2 protein chains.
Amino acid sequence: MRRDIFQAIADPTRRAIVALIALQAMTPNAIANNFHTTRQAISKHLRILTECELVKQDYKGREIYYSLEIQKMKEIDKWLEQYRKIWENRFNELDKILITIKRKKK
Amino acid sequence: MRRDIFQAIADPTRRAIVALIALQAMTPNAIANNFHTTRQAISKHLRILTECELVKQDYKGREIYYSLEIQKMKEIDKWLEQYRKIWENRFNELDKILITIKRKKK
DNA sequence: TATAAGTGCAACTATTCGGTTTCGAAATTT
DNA sequence: AAATTTCGAAACCGAATAGTTGCACTTATA
């Protein structure tokens with residue numbers, strides 16, 4: 001069973017769940033109320049998100065509150081870092097060209 | 001056919017392809033040489049990457065060079081932005097606590 | 001204590017996905 | 001012109017996935 005964060009966020013429903021619980025913890029029922037699907041389907045998504053540690057559970061009596069493990073999101077940011085360098089370089093090169101054009105106009 | 005960038009980078013082989021062609025354009029054969037799979041399988045991945053515009057094609061005779069559309073990567077960065085704000089806030093709050101502890105020590 | 005509410009888990013189904021094999025088209029080389 | 005190279009597309013297969021339904025467990029409430 002392959003469970004990594006990239007696979008977890010590939011599903012649009014899971015991205016919506018992540019956005020929903022980013023700021024406040026929610027129970028599966030409360031989350032499911034925001035979607036046109038069953039609670040069990042949401043439960044499955046929550047399981048996947050929990051398995052890759054993107055989401056954590058807090059037991060309160062018979063309710064389970066799910067909340068985002070924001071630290072895990074940094075992994076995506078870390079992966080993106082290598083590409084950020086590339087697009088920033090391209091931007092700088094474009095910048096140089098624009099400066100050269102400006103100079104020529106003077 | 002659902003083709004978005006998040007689904008595109010969900011597959012580890014596709015992430016590897018992206019990393020491979022990030023700095024230099026490559027042909028399908030050249031790319032496939034880096035993996036333990038057939039050229040056709042790589043070709044399928046390239047098709048998915050092309051369909052979601054993460055990769056572009058340049059025809060040179062009978063060869064097709066694939067290269068990364070670095071601009072598209074910014075979409076992930078943009079999506080990540082809302083969460084970056086959250087983890088930076090958490091960090092700042094931690095910072096405040098640390099400063100408070102330091103003051104008490106004095 | 002009996003009932004209701006909140007939840008996870010297993011079984012099942014339809015669909016999607018990653019991969020291989022086979023084929024044909026287009027460009028290059030001999 | 002014939003053979004070779006580079007490549008995409010279609011057909012097919014096994015595995016994974018998202019969803020539904022049904023059920024059992026735990027906790028709260030009447």
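Residue numbers start from 1 in every chain, and the chains themselves are labelled A, B, ... in the order their sequence lines are given, proteins ahead of strands. The figures that follow rest on heavy atoms only: side chains count, while hydrogens, waters and symmetry mates do not. Remember, predicted model here, so these are calculated numbers, not experimental data.
For the pair B:S43 and D:dG8, the criterion of a side-chain N or O lying under 4.0 Å from OP1 or OP2 is met. Side-chain N/O atoms of B:Q7 include one lying less than 4.0 angstrom from OP1 or OP2 on C:dC17. Considering only side-chain N and O atoms, B:H45 lies under 4.0 angstrom from the phosphate OP1 or OP2 of C:dG19.
Distance, B:D11 CG to C:dG19 C1': 11 Å, rounded to whole Å. Here D:dA16 presents its C1' atom at 14 Å from CZ of A:R47, a figure rounded to the nearest Å. What separates OH of A:Y66 from C1' of C:dG6 is a distance of 11 Å, to the nearest Å. The distance from atom CD1 of B:I48 to atom C1' of C:dC17 is 8 Å, rounded to the nearest whole Å. The nearest whole Å value for the distance from the CZ atom in B:F6 to the P atom in C:dC17 is 17 Å. In this structure, CG of B:D58 is placed 16 Å from C1' of D:dT6, rounded to the nearest angstrom. Between the CD1 atom of A:I64 and the C1' atom of C:dA5 there is a distance of 13 Å, rounded to whole Å.
B:R15 places a side-chain N or O within donor-acceptor distance of the main-chain N or O of B:A10, the cut-off being under 3.5 Å. With hydrogens and angles ignored, the 3.5 Å screen pairs no side-chain donor or acceptor of A:S43 with any backbone N or O of A:R39. A distance-only check finds no donor-acceptor pair linking the side chain of A:Q24 to the backbone of A:I21 [under 3.5 Å].
At a cut-off of 3.5 angstrom, counting only N and O atoms as typed in the model, there is no donor on one side facing an acceptor on the other between the side-chain of A:Q40 and the base of C:dT7.
In this structure, A:E63 reaches the sugar-phosphate backbone alone: every heavy-atom distance under 4.0 Å involves primed, P, OP1 or OP2 atoms, never a base. Counting any heavy atom pair closer than 4.0 Å across all strands shown, B:L46 reaches no nucleic acid atom. Residue contacts for A:I42: at a heavy-atom cut-off of 4.0 Å it reaches no nucleic acid atom on any strand shown.
Of the candidate nucleotides C:dG18, D:dG19, D:dG22, C:dG18 has the atom lying nearest to any side-chain atom of B:R14. Comparing D:dA18, C:dT7, C:dG19 by their closest approach to the side chain of A:K44 singles out D:dA18.
B:Y65 and B:E63 share a side-chain donor-acceptor pair at under 3.5 Å.
Counting heavy atoms from C-beta outward, B:M73 and B:V18 have side chains that approach closer than 4.5 Å.
In this structure, the separation between OG1 on A:T13 and CZ on A:F35 is 6.5 Å, given to the nearest 0.5 Å.
Using a 4.0 Å cut-off between charged nitrogen and carboxylate oxygen, B:K85 and B:E88 do not count as a salt-bridge pair.
Comparing B:R62 and B:Q57 along DNA chain D, the residue whose closest nucleotide (by nearest heavy atom) sits nearer the 5' end is B:R62.
Listed in residue order, the members of residues 17-39 of chain B having a heavy atom less than 4.0 Å from DNA chain D are B:T27, B:P28, B:N29, B:R39.
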